[in-house]
Protein chains: 2
Amino acid sequence: MPSPIPLNQEISLTVIKTACSNCNLRELCLPFGLSLDELERLDDLISTRRRIKRGDHLYRAGESFDSIYAIRSGFFKTDVLLEDGRDQVTGFQMAGELLGLDGISTEHHTCNAIALEDSEICAIPFNRLESLSREIHNLQHHFHKVMSREIVRDHGVMMLLGTMRAEERLAAFLLNLSQRFTARGFSHAEFYLRMTREEIGSYLGLKLETVSRAFSKFQEEGYIAVQQKHIRILNVSGLKALMNHRC
Amino acid sequence: MPSPIPLNQEISLTVIKTACSNCNLRELCLPFGLSLDELERLDDLISTRRRIKRGDHLYRAGESFDSIYAIRSGFFKTDVLLEDGRDQVTGFQMAGELLGLDGISTEHHTCNAIALEDSEICAIPFNRLESLSREIHNLQHHFHKVMSREIVRDHGVMMLLGTMRAEERLAAFLLNLSQRFTARGFSHAEFYLRMTREEIGSYLGLKLETVSRAFSKFQEEGYIAVQQKHIRILNVSGLKALMNHRC
DNA sequence: GCGTTGGCTTGATCCATGTCAACCGGAAAT
DNA sequence: ATTTCCGGTTGACATGGATCAAGCCAACGC
């Protein structure tokens, strides 16, 4: 009979893979600020991991809500549909961010969440999250902060849509992406866009042609280098100035 | 010596005035769905009532956060300021609605809340609300719903700002106000605007002249009757059609 | 290797809304 | 009663971004 040790190692590897306590995103995600002990209790709650292929829905508007989702890897967009067919991208989400908070309000999802690349998510049953956060003050407080942050983010987008012109919007968008990639240990200056010009346009309240023209303009002026979805930021402060100055 | 009875009555009147359990907004506000017993525990928490005069700030962006606020009577706007001086109204709030949720995220308020008429608010110390909602499941869940509803509302505004044209935006705005007045027992068809054309414009991402022209247009077409801030809606379905149809 | 396809770029033109300016009317101040 | 002021309305004109249209490029299937 073979020694049990290798087997145990394998099992323990699997456990490591699925646990918040060993997730390298834990400082960005729901577990932020929890003690080891508290982390383990959170681990128990997150039983389901799921792979979502590029183009597939994580959930659809109208579906009944029972979980929120933490992105373990990959990239998503959320969009809302109006009766008359118009739609708008309401956000782009990356690893460590939460999806589905909109569903708490009515017990039904109010937007679609679609993977922009092959992704992996952790499903967090919401009633169990509520009951655990009644016991773990840190978890409760952090969850409230995450929801509040979402509200603040939305206000930022409203500001952008309400007061900024096309180039300012795109500059703000690029700087925001750059900052979020940095927080995840990627280059702040060089990244691949996971979304099309049309999706960027939808998010920013612009047509895809306008987005494309703004990219070209930024390139001409030496702020960035664009090659399709590959972006290099050459002049961060230039972009910032462009965003803030009323010209 | 006079009988103590009148005195007691006076005291009890004061208590009635300040308690959630006797507030006629309790079904719209935080106490929604609580039992009598739970309501009384919430009463203990809401010690501070405050009057805010028209034009005064309830809080300012940058101030440190420790309470959220329930509007007992009156009308508020919230606005965000950009470094370069641009600002935008992010919402209008009426009786029964909560203010200050944006502050949870960073422990500092991120917008200004300004009374548009003489108003009265209940201050709810946030750490005490968190600790009470660890004990009262209903309170916890309802609070989560309220935050989520705010996120959904913001998505609606993003949709409006990103995809609708001027008249559609104003129609959506009027219908939303009408619906909220109705929920508070006021006429759905006739109300006074508490905000200026400029504030409406800021909220809707339009200039005040555009707002004014849209009002005039609606009046010409017989959808509404406008006289300064007094609005009568004459044709709800007309407004709805205007909002939904891609023309 | 060649054609097809989807996403992107660029140019020409149009139009909704912004901008600038004049005027109006009611409310508050003198 | 008169003046001032603020918010609102309306008109003339300017413009940023939408729309329409053509063409380009890279990836992919055959």
Side-chain angles (χ1 to χ4, degrees), chain A residues 54-55 75 77 85-89 114 116-117 160-174 192-221 224-231 242-243 245-247, chain B residues 53-55 75 77 86-89 114 116-117 160-174 192-221 224-231 242-243 245-247:
Chain A
R54 177 191 150 105
F75 210 96
K77 70 168 176 182
R86 279 180 285 187
D87 66 344
Q88 178 163 31
V89 173
I114 299 152
L116 294 180
E117 60 181 27
L160 179 150
L161 292 170
T163 72
M164 292 188 181
R165 32 200 55 237
E167 290 175 18
E168 296 174 319
R169 295 184 200 186
L170 190 64
F173 173 72
L174 290 174
Y192 277 92
L193 299 173
R194 319 297 155 109
M195 68 295 277
T196 66
R197 301 288 190 263
E198 186 168 20
E199 287 162 337
I200 297 173
S202 172
Y203 180 61
L204 299 178
L206 301 168
K207 292 291 156 185
L208 69 98
E209 293 94 329
T210 307
V211 174
S212 180
R213 278 185 244 272
F215 271 128
S216 303
K217 179 94 176 299
F218 286 177
Q219 180 152 252
E220 275 168 36
E221 319 238 305
I224 63 174
V226 199
Q227 210 174 13
Q228 306 280 100
K229 302 201 157 158
H230 181 231
I231 304 283
L242 200 155
M243 202 186 82
H245 284 326
R246 191 79 289 208
C247 340
Chain B
K53 281 211 156 326
R54 177 190 149 105
F75 209 96
K77 70 168 175 181
R86 278 180 284 187
D87 66 344
Q88 177 163 31
V89 172
I114 298 152
L116 295 180
E117 60 182 26
L160 180 148
L161 292 170
T163 72
M164 292 189 182
R165 32 197 58 238
E167 291 176 19
E168 296 173 321
R169 295 184 200 186
L170 189 65
F173 173 71
L174 289 175
Y192 277 92
L193 299 172
R194 320 297 156 112
M195 68 296 278
T196 66
R197 302 289 190 263
E198 186 169 18
E199 287 162 336
I200 297 173
S202 171
Y203 181 61
L204 299 178
L206 302 168
K207 292 291 155 183
L208 68 98
E209 293 94 331
T210 307
V211 174
S212 180
R213 278 185 244 271
F215 271 127
S216 304
K217 179 92 177 300
F218 286 177
Q219 180 152 251
E220 275 167 37
E221 319 238 305
I224 63 174
V226 199
Q227 209 174 14
Q228 306 279 99
K229 301 200 158 159
H230 181 231
I231 304 283
L242 200 155
M243 202 185 83
H245 283 326
R246 193 78 286 213
C247 342

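Nothing here was measured: the structure is a model prediction, and the numbers come from that model. Chain A is the first sequence line, chain B the second, and so forth, proteins listed ahead of strands; every chain is numbered from 1.
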Contact pattern, 5' to 3', of nucleotides 6-14 of chain D - B, S or - by protein heavy atom under 4.0 Å: --SBBBB--

For A:Y192 and D:dA27, what is the distance between atoms OH and C1' respectively, to the nearest whole Å? 14 Å

Please report, rounded to the nearest Å, how far the C1' atom of C:dT17 is from the CZ atom of A:R165. 12 Å

Nearest whole angstrom, please: distance from the C1' of C:dA27 to the CZ of B:R54. 11 Å

Starting at atom NZ of A:K207, determine the distance to atom P of C:dC8, rounded to an integer number of angstrom. 15 Å

How long is the line joining CD of A:E199 and C1' of C:dG6, in whole Å? 13 Å

Salt bridge or not between B:R54 and B:E117? Use side-chain N to carboxylate O under 4.0 Å. no

For the pair A:R213 and A:E167, find out whether any cationic side-chain nitrogen is under 4.0 Å from an anionic carboxylate oxygen. no

For A:G205, answer base if it contacts any base atom (sugar-phosphate contacts may also be present), sugar-phosphate if it contacts only those atoms, and nothing otherwise; contact means non-hydrogen atoms under 4.0 Å. sugar-phosphate

Just by distance, do the side chain of B:R197 and the backbone of B:E209 share a donor-acceptor pair under 3.5 Å? no

How long is the line joining CD of A:E168 and P of D:dG16, in whole Å? 12 Å

Do A:L208 and A:T196 have side-chain heavy atoms sitting under 4.5 Å apart? no

Exceeds 12 heavy-atom contacts within 6.0 angstrom, atom CD of B:Q219: yes

Could you check how far CD of A:E167 sits from P of D:dG17, rounded to whole Å? 8 Å

Shortest non-hydrogen separation from B:M195 to B:L116 and the atoms involved: CB-CD1, 3.9 Å

A:R86 atom CZ is separated from D:dA18 atom C1', nearest whole Å, by 14 Å

